[in-house]
*Asks:* 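Below you will find the structure I want to go over with you.
In what follows, residues are counted from 1 in the order of the sequence shown.
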Amino acid sequence: MANAQADGQWYPPEWPELIRALASGDLTPAVPRRAATVMLLKDTGDGPAVHMLRRRTSMAFAGGAYAYPGGGVDPRDDDRHVRWAGPTRAWWADRLGVDEAGAQAIVCAAVRETYEEAGVLLAGPTPDTVVGDTTGEDWEADRAALVARETSFAEFLDRRGLVLRSDLLGAWTRWITPEFEPRRYDTWFFVAALPEGQRTRNASTEADHTVWITPRDAAAGYDRGELLMMPPTIATLRRLTAYETAAEALDAAPARDLTPVLATARLVEGEIVLSWPGHDEFTKRIPTGGAPA
């Protein structure tokens, strides 16, 4: 379980020891796994709300923390047979800073994980339509087969006669798990609007609670120490407070800087200083044998 801070910042108690092991050369950084997560938005009378899930406290990574639907890339997500609409794979490769196969895999992971964990599918029968309802036993059987990796996303779309709508996603930011954390992810964050006719549900085995909440209210809950979050989650929420509609946030996405945010840990006057470039609020000063300040 993570340590409790004055705010809701997720901070594992084993981090100081891991940081010291990395600094001494006793720890070899794990290679980060590519992942995608989606900030699903819908308009309300108080501005856009975002769909968040609370990870089960039993989870080894970020247990009890609020997050967005998302997960790691499936090796089959770069299957060239994926039915595709919206900007080309080459456009996405340039936007995400990867090759075309990697770009398809990351976009597919974003759409697939949103369906697996929230029951929302950014796909339609034609390049300019979206499915209106994904409830029912047949849809649930398909979702379960995707979760179990019994079928690939390309196979699922092909059998359903659906086209992935990459134009419904906006790339927002990119964060890489610190080098001292054994479970590392290179995660692209996207924004998307809830398609008309669809509704979210808690379809994730990793979550015990879901909520639609305005970014402002979520950030306030974090600041009061009531909602536990990892740095990239609260950082994205704070940025989203500037927008009055989901469409505004999507329109802002193409101009967002996708330079990866990677935490650094350095030794300063007998203290370990843990910092995230461009995000001073997360800086922690760790005495050589104690808890963060």
*Asks:* When you look at Val211 and His209, which way does the side chain to side chain contact (heavy atoms under 4.5 Å, CB included) test go after all the steps?
*Replies:* CA-CA 7 Å; Val211 64; His209 177 66; 4.1 Å; yes
*Asks:* Please collect all ring-ring contact (aromatic ring centres under 6.0 Å, His included) contacts where either partner lies in residues 249-274, sequence neighbours excluded, each pair once.
*Replies:*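 Every candidate ring-ring contact (aromatic ring centres under 6.0 Å, His included) pair involving residues 249-274 fails, so no pair, neighbours aside, qualifies.
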*Asks:* Any luck finding a side-chain donor-acceptor pair between Thr236 and Tyr68 under 3.5 Å?
*Replies:* yes
*Asks:* Between Cys108 and Val82, is there a side-chain heavy-atom distance shorter than 4.5 Å?
*Replies:* yes
*Asks:* Quick check with a 6.0 Å cut-off and a 45 degree axis cone: is Arg160 positioned over the face of Trp139's six-membered ring?
*Replies:* yes
*Asks:* What are the two closest heavy atoms between Leu250 and Gly170, and how far apart are they?
*Replies:* CD2-N, 4.0 Å
*Asks:* Could you give the distance from CE (Met52) to CE (Met229), rounded to the nearest 0.5 Å?
*Replies:* 4.5 Å
*Asks:* Which residues pass the side-chain contact (heavy atoms from CB on, under 4.5 Å) test with Leu258, sequence neighbours left out?
*Replies:* Arg95, Leu96, Ala171
*Asks:* Tell me whether Glu271 contacts the main-chain N or O of Val268 through its side chain, where contact means a donor paired with an acceptor under 3.5 Å.
*Replies:*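 No: the side chain of Glu271 does not pair with the backbone of Val268.
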*Asks:* If you group Ile, Leu, Val, Met, Phe, Trp and Tyr by side-chain heavy-atom gaps below 4.5 Å, do Leu262 and Leu18 land in one group?
*Replies:* no
*Asks:* Is Val98 close to Trp188 at the side-chain level, that is, under 4.5 Å between some pair of heavy atoms?
*Replies:* yes
*Asks:* Give a yes or no on whether a salt bridge exists between Asp138 and Arg143, defined as a side-chain N under 4.0 angstrom from a carboxylate O.
*Replies:* no
*Asks:* On a heavy-atom basis, which atom in Thr126 and which in Asp128 lie closest, and how many Å separate them?
*Replies:*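 Reported closest heavy-atom pair: OG1-OD1, 2.8 Å.
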*Asks:* Closest heavy-atom contact between Ala249 and Val191?
*Replies:* O-CG2, 4.3 Å
*Asks:* Between Asp257 and Arg174, is there a side-chain N and carboxylate O pair less than 4.0 Å apart?
*Replies:*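 No.
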*Asks:* Given side chains that start at C-beta, do those of Val50 and Leu237 come closer than 4.5 Å, heavy atoms only?
*Replies:*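 They are in contact (side-chain heavy atoms under 4.5 Å apart), so the answer is yes.
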*Asks:* Would a distance-only check, ignoring hydrogens and angles, find a side-chain to backbone donor-acceptor pair under 3.5 Å from Glu117 to Gly70?
*Replies:* yes
*Asks:* Through direct or indirect side-chain contacts below 4.5 angstrom among Ile, Leu, Val, Met, Phe, Trp and Tyr, which residues connect to Val163?
*Replies:*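 Its cluster partners, ordered by chain and number, are none at all.
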*Asks:* Report the C-alpha separation of Arg239 and Arg256 in whole Å, then their side-chain angles, then the decisive distance to 0.1 Å, and conclude whether the side chain to side chain contact (heavy atoms under 4.5 Å, CB included) test is met.
*Replies:* CA-CA 11 Å; Arg239 298 294 185 273; Arg256 294 277 306 164; 4.0 Å; yes
*Asks:* For Arg184 and Pro178, indicate whether the former's side chain and the latter's backbone hold a donor-acceptor pair under 3.5 Å.
*Replies:* yes
*Asks:* What heavy-atom pair brings Arg238 and Asp223 nearest, and what distance separates the two atoms?
*Replies:*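 The pair with the smallest heavy-atom distance is NH2-OD1, 2.7 Å.
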*Asks:* Looking at Ile106 and Ala36, what are the two nearest heavy atoms and their distance?
*Replies:* O-CB, 3.6 Å
*Asks:* What's the spacing between Arg159 CZ and Ser152 OG if we round to 0.5 Å?
*Replies:* 10.5 Å
*Asks:* Determine whether a donor-acceptor pair (N or O, by modelled atom type, separation under 3.5 Å) exists between the side chain of Thr114 and the backbone of Ala110.
*Replies:* yes
*Asks:* With rounding to the nearest 0.5 Å, note down the distance linking CG in Asp217 to OG1 in Thr241.
*Replies:*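 Nearest 0.5 Å value for the CG-OG1 distance: 11.0 Å.
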*Asks:* So, the side chain of Ser166 versus the backbone of Ala85: is there a donor-acceptor pair under 3.5 Å, distance only?
*Replies:*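 Looks like yes, one N/O pair under 3.5 Å.
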*Asks:* Does any N or O in the side chain of Arg83 come within less than 3.5 Å of the main-chain N or O of Ala154, such that one atom is a donor and the other an acceptor?
*Replies:* no
*Asks:* Determine yes or no for a side-chain-to-main-chain donor-acceptor pair under 3.5 angstrom, with Arg199 supplying the side chain and Leu194 the backbone.
*Replies:* no
*Asks:* Short question: side chain of Thr134, backbone of Gly119 - any donor-acceptor pair under 3.5 Å?
*Replies:*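 Yes, because the side chain of Thr134 sits within donor-acceptor range (under 3.5 Å) of the backbone of Gly119.
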*Asks:* Could you see if Leu22 belongs to whatever hydrophobic cluster contains Val273? Use Ile, Leu, Val, Met, Phe, Trp, Tyr and a side-chain cutoff under 4.5 Å.
*Replies:* no
*Asks:* How long is the span from the CZ atom in Phe282 to the NE2 atom in His279, to the nearest 0.5 Å?
*Replies:*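 Here the interatomic distance stands at 6.5 Å.
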*Asks:* Do Leu40 and Pro69 have side chains that get closer than 4.5 Å, going by heavy atoms?
*Replies:* no
*Asks:* For the pair Asp43 (side chain) and Ala246 (backbone), establish whether a donor and an acceptor sit closer than 3.5 Å, ignoring hydrogens and angles.
*Replies:* yes
*Asks:* Indicate the atoms forming the closest heavy-atom contact of Val261 with Pro277, along with that distance.
*Replies:*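 For Val261 and Pro277, the tightest heavy-atom pair comes out as CG1-O, 4.0 Å.
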*Asks:* Which pairs with one or both residues in residues 231-266 pass ring-ring contact (aromatic ring centres under 6.0 Å, His included), sequence neighbours excluded?
*Replies:* Trp172-Tyr243
*Asks:* Side chains of Tyr185 and Thr37, heavy atoms from C-beta outward: is any pair under 4.5 Å?
*Replies:*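 Heavy-atom side-chain distance check fails, nothing below 4.5 Å.
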*Asks:* How would you list all residue pairs meeting side-chain hydrogen bond (donor to acceptor under 3.5 Å, both in side chains) that involve residues 23-35, not counting sequence neighbours?
*Replies:*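 For residues 23-35, and leaving out neighbouring residues, the side-chain hydrogen bond (donor to acceptor under 3.5 Å, both in side chains) pairs sorted by first residue read Ser24-Asp26.
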*Asks:* Would you say that Leu157 contacts Leu164 through its side chain, given a criterion of any heavy-atom pair below 4.5 Å between the two side chains?
*Replies:* yes
*Asks:* What's the separation between atom CG in Asp74 and atom OG1 in Thr151, rounded to the nearest 0.5 Å?
*Replies:*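 Between atom CG of Asp74 and atom OG1 of Thr151 there are 10.0 Å.
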*Asks:* List for me each residue that meets side-chain contact (heavy atoms from CB on, under 4.5 Å) alongside Ala265, sequence neighbours excluded, and say none if there are none.
*Replies:* Ile19, Phe180, Ile272, Leu274
*Asks:* Please say yes or no: joined through hydrophobic side-chain contacts below 4.5 Å, possibly via intermediate residues, are Val131 and Phe153 part of one cluster?
*Replies:*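 Same hydrophobic cluster.
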*Asks:* Using 4.0 Å as the upper bound for N to carboxylate O, is an ion pair formed by Glu116 and Arg112?
*Replies:*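 Judged by the 4.0 Å cut-off on N to carboxylate O distance, Arg112 and Glu116 do form a salt bridge.
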*Asks:* Step through the shown structure and confirm whether more than 12 heavy atoms of other residues, nucleotides or ligands are within 6.0 Å of CZ on Arg216.
*Replies:* no
*Asks:* Would you say the side-chain atoms of Ser275 and Thr283 include a donor-acceptor pair closer than 3.5 Å?
*Replies:* no
*Asks:* Regarding Glu181 and Thr177, is there a side-chain donor-to-acceptor distance under 3.5 Å anywhere?
*Replies:*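 No, Thr177 and Glu181 have no side-chain donor paired with an acceptor closer than 3.5 Å.
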*Asks:* Indicate, with yes or no, if the rings of Tyr222 and Tyr66 have centres closer together than 6.0 Å.
*Replies:*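 No; Tyr66 has its ring centre 6.0 Å or more from that of Tyr222.
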*Asks:* Using the side chain to side chain contact (heavy atoms under 4.5 Å, CB included) rule, take Ile176 and Thr187 through it: C-alpha gap first, then chi angles, then the decisive distance, then the call.
*Replies:* CA-CA 6 Å; Ile176 301 176; Thr187 305; over 6 Å; no
*Asks:* Is any side-chain heavy atom of Pro125 less than 4.5 Å from a side-chain heavy atom of Leu162?
*Replies:*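 Yes, at least one pair of side-chain atoms sits under 4.5 Å.
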*Asks:* Can you tell me how far OG1 of Thr88 sits from CD of Gln104, rounded to the nearest 0.5 angstrom?
*Replies:*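 Here the interatomic distance stands at 11.5 Å.
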*Asks:* For Thr44 and Asp46, test the side chains for any donor-to-acceptor distance below 3.5 angstrom and give the result as yes or no.
*Replies:*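 No, no side-chain donor-acceptor contact under 3.5 Å.
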*Asks:* Determine, stepwise, if the pair His51 / Met39 fulfils side chain to side chain contact (heavy atoms under 4.5 Å, CB included).
*Replies:* CA-CA 7 Å; His51 179 68; Met39 298 175 284; over 6 Å; no
